[in-house]
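Throughout, protein chains are lettered first and strands after them, A, B, ... in sequence-line order, and every chain is numbered starting at 1. Because the structure is predicted, anything quoted here is derived from the model rather than measured.
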Amino acid sequence: MGIDPWGGRFDDRRPIGEIRAQAGQIVYRLEDGTELPIPDQVGQEEFDLRQWKSEQGKGQLAGPQVRAAGRIVLQRRTGKLIFVNLRDWTGEIQLFIGKKQVGDADFELAKLFDLGDLIGVDGMLAYTNTGELTIFAEKLHFHAKSLQPPPEKHHGLHDAELRQRLRYLDLFYTEGVLERFQKRTKIVQSIRRTLDGQGYCEVEGPTLHAIAGGAAARPFITHHNALDLDLFMRIALELHLKRLLVGGMERVYELGRVYRNEGISPRHNPEFTMLEVYQAYGDYQTMMDLTERILVDAIEAIGGNYRIPWGESTIDFTPPFARRTYDELLAEHADVDPEDDVAVAKVAAALGMDTAGKHPDVVKNFVFEEQVEDKLIGPIFVIDYPASICPLTRRKQDNPAIAERFELFIEGMEIANAYTELNDPDLQAELFRTQLAGLPEEESMAKMDHDFIRALQHGMPPAGGLGIGIDRLVMLLTGARTIREVILFPLLRPESTGRAPASDSGGSAASEEPTSPP
RNA sequence: GAGGGCGUAGCUCAGUCGGUAGAGCAACGGACUUUUAAUCCGUAGGUCCUGGGUUCGAGUCCCAGCGCUCUCACCA
């Protein structure tokens with residue numbers, strides 16, 4: 001037919017949502033030229049547009065000329081007449097394609113349309129006899145052929161694996177998916193706006209680290225060939241941002257991906273997005289106020305409803321959020337005196353922990369995680385943590401056993417973690433050195449980093465620091481029950497396992513890194 | 001890593017007691033100029049996840065593996 005199936009420039013088309021908003025311009029034009037407005041009830045089931053027209057007298061509907069483009073999601077063919085439902089990311093609209101109206105050539109083209117094809121149309125916006133807002137096609141354009149069949153038109157994609165592997169289909173065909181990711185974008189934009197508005201400076205730190213510090217997690221290991229150096233993918237943003245505090249960036253943040261080589265679960269993906277914020281001359285109270293501000297602004301950005309549905313229940317984000325101390329909550333939910341190490345150890349043992357040789361604070365924190373965290377429906381700030389599980393945190397001046405730290409919990413999930421940052425290089429070095437009793441290295445946040453200590457020795461201003469798990473925040477704000485619903489491409493095992501590919505190239509690892517001659 | 005569930009057509013799913021593999025949608029051919037998951041007639045489409053076992057006979061029962069998923073553990 002001489003039609004290029006792969007289209008071309010068409011960027012003067014209008015979004016379907018905008019076109020639908022032009023419905024008010026449609027009028028009924030009588031033969032004598034008088035124009036009557038269309039009744040508001042048009043499109044409602046009880047309203048018969050055909051009957052209304054005959055009551056007004058002979059005439060025709062007339063509406064604005066429009067140009068649209070999108071994907072074909074439904075088709076109904078009735079001989080010399082084809083109805084097409086066209087969708088773009090702003091909405092969906094019906095096309096009326098009549099053989100007489102578009103001509104033989106375009107009608108032949110329309111007969112070749114498949115579900116999933118991307119097409120464009122020029123035509124007049126009006127209503128069909130049944131009151132459906134419709135573009136009456138005058139000229140058709142072809143933009144891209146879909147060679148693969150789309151998902152089942154009524155049920156869509158149900159299979160959870162396919163939804164993630166074929167995320168592009170999930171985005172287009174599963175209701176609410178595109179909207180949720182658009183909300184994610186709005187939330188992230190709002191966070192940047194909040195911070196930028198308060199004078200914070202956004203930076204990009206390195207993602208390849210010689211020492212994976214700043215958190216407790218197993219890192220991914222990679223290798224730099226030219227330097228013949230093993231490197232770690234970062235597990236946190238913390239230590240480099242603090243170096244920037246030393247350098248005089250007094251308000252600084254990074255919103256970036258971190259990588260942790262650990263399990264995958266409804267709340268964990270190996271790569272996820274963290275926000276970390278540092279403010280010179282602030283402390284953890286400053287960060288608590290900032291956290292609340294960030295959340296409130298983000299909620300405003302996605303519609304401003306403070307009560308967000310979560311499964312059967314509702315999360316109430318109305319500020320201010322509750323603030324309770326760690327010990328208070330431990331006493332309340334675990335029914336134990338937090339000052340009494342022996343009693344706490346007893347509870348831990350009853351919960352199945354081997355307490356022998358473990359630091360009392362580690363034992364206490366085990367009880368907290370087991371007995372308290374699940375009950376923190378929140379939003380609630382848990383403040384003042386046992387010092388020895390917080391090696392990067394400043395101690396309270398009047399009580400060195402307590403660290404100036406808070407975590408924000410919502411629905412039992414840890415959403416934010418903040419400290420008054422430790423800026424004493426000697427104490428920091430000591431805490432790095434002192435391995436917590438009974439904790440294997442990978443479970444401790446303490447990792448010796450001489451370069452970081454040297455930075456502290458040059459003087460880091462006292463500061464508040466804050467980390468927020470963006471994916472989990474988006475889960476809560478969009479009602480997503482798994483982290484995979486808020487990550488566009490969550491980690492999946494590659495599809496081609498088991499059979500085919502291994503055999504044809506022998507050692508596949510070797511073939512990826514061709515050995516160059518010496 | 002442990003336990004449960006699932007794996008059948010491109011998609012969504014049935015498949016009885018172990019007895020020749022099914023439907024809807026999508027595709028293909030035909031009818032239809034106001035349809036709404038259009039309708040009607042017809043055609044084609046299968047490594048029943050893989051491998052073994054029991055049996056005269058396995059989609060179905062048993063074992064192992066692979067993949068997905070849920071719960072738990074580690075972790076944020």
Side-chain angles (χ1 to χ4, degrees), chain A residues 43 45 48-50 53 61 72-85 92-102 107 110-112 114-116 126-134 136-137 146-166 169 173-174 214-219 235-236 258-276 352 369-370 373 407-410 412-417 440 442-443 445 467-473 475 481-484 492-500:
Chain A
E45 230 168 271
D48 187 337
L49 182 63
R50 197 187 319 222
K53 287 199 290 189
L61 288 176
I72 297 174
V73 291
L74 282 177
Q75 265 197 116
R76 295 169 292 281
R77 300 186 182 189
T78 68
K80 300 184 179 65
L81 178 61
I82 298 174
F83 292 94
V84 162
N85 286 32
E92 188 173 322
I93 198 163
Q94 173 172 271
L95 310 185
F96 176 110
I97 304 170
K99 184 171 181 171
K100 213 189 307 181
Q101 289 84 346
V102 298
F107 198 75
K111 284 204 284 194
L112 296 174
D114 286 322
L115 292 180
Y127 292 101
T128 59
N129 283 340
T130 51
E132 177 89 10
L133 188 64
T134 298
F136 290 81
S146 169
L147 300 173
Q148 297 272 7
E152 208 272 348
K153 67 184 180 188
H154 187 51
H155 300 95
L157 271 188
H158 253 225
D159 185 275
E161 180 186 358
L162 284 180
R163 284 192 52 212
Q164 289 163 38
R165 286 200 192 282
L166 309 180
L169 294 183
Y173 289 104
T174 308
R218 286 159 61 189
I235 58 171
V258 297
Y259 306 85
R260 298 190 182 177
N261 201 344
E262 309 207 345
I264 295 175
S265 85
R267 294 178 177 194
H268 300 87
N269 194 59
E271 52 178 313
F272 63 101
T273 303
M274 283 260 292
L275 167 72
E276 288 198 26
E369 286 174 356
E370 288 292 309
E373 288 191 358
E407 295 195 333
L408 173 62
F409 279 88
I410 305 173
M413 267 198 285
E414 183 194 328
I415 295 304
N417 183 15
E442 68 193 22
E443 284 182 27
M445 280 198 237
I468 295 182
I470 299 298
D471 311 273
R472 289 184 172 182
L473 178 62
M475 283 172 68
R481 301 311 300 267
T482 88
I483 200 167
R484 298 177 156 225
L492 293 175
R493 198 182 294 272
E495 224 166 340
S496 57
T497 46
R499 290 161 68 100

Query raised in the report: Do A:E132 side-chain and B:U35 base share a donor-acceptor contact under 3.5 Å?
Result: no

Checking contacts here: which listed nucleotide ([options]) is nearest the side-chain heavy atoms of [X]?
X      : options             : result
A:E414 : B:A76, B:U69, B:U35 : B:A76
A:T134 : B:A27, B:G10, B:U35 : B:U35
A:Q164 : B:U69, B:U35, B:U34 : B:U69
A:F96  : B:U34, B:G10, B:U12 : B:U34
A:L81  : B:U34, B:A73, B:G67 : B:U34
A:A160 : B:A73, B:U33, B:U69 : B:U69
A:K80  : B:C32, B:A76, B:C68 : B:C32
A:K100 : B:U33, B:U69, B:C74 : B:U33

Query raised in the report: Counting any heavy atom closer than 4.0 Å, what does A:G467 reach on the DNA or RNA strands: base, sugar-phosphate only, or nothing?
Result: nothing

Query raised in the report: Hey, does A:R50 reach any base, or is it just sugar-phosphate, or nothing, if we go heavy atoms under 4.0 Å?
Result: sugar-phosphate

Requested in this report: With rounding to the nearest 0.5 Å, note down the distance linking NE2 in A:H154 to CG in A:L74.
Outcome: 11.0 Å

Query raised in the report: Could you write nucleotides 37-45 of chain B as a row of B, S and -, 5' to 3', where a protein heavy atom under 4.0 Å of any base atom gives B, of only sugar-phosphate atoms gives S, and otherwise -?
Result: BB-------

Under 3.5 Å for both donor-acceptor distances, Watson-Crick or wobble: does [N] have a partner, and if so which one?
N     : result
B:A31 : B:U39
B:C25 : B:G10
B:C68 : B:G5

Report summary line: Tightest non-hydrogen contact, residues A:L95 and A:T134, listed as C-CG2, 4.0 Å

Query - side-chain contact (heavy atoms from CB on, under 4.5 Å) assessment of A:V73 paired with A:K153 - result: CA-CA 8 Å; A:V73 291; A:K153 67 184 180 188; over 6 Å; no

Report summary line: When rounded to whole Å, the CG to P distance for the pair A:L162 and B:G67 reads 16 Å

Requested in this report: Check the angle between the aromatic planes of A:F136 and A:F96 and answer parallel, tilted or perpendicular using the 30° and 60° thresholds.
Outcome: tilted

Query raised in the report: When rounded to the nearest Å, what value does the distance between P atoms of B:G46 and B:A9 take?
Result: 11 Å

Query - Separation between the P atoms of B:G5 and B:C61, rounded to whole Å - result: 12 Å

Report summary line: Whichever of A:F83 and A:L157 has the more 5' nearest nucleotide on RNA chain B, that residue is A:L157

Report summary line: Result for 5'-nearest mapping on RNA chain B, choosing between A:I415 and A:R484, is A:R484

Query - Counterpart residues, salt bridge (charged side-chain N to carboxylate O under 4.0 Å, His left out), relative to A:K111 (two or more places apart) - result: A:E108

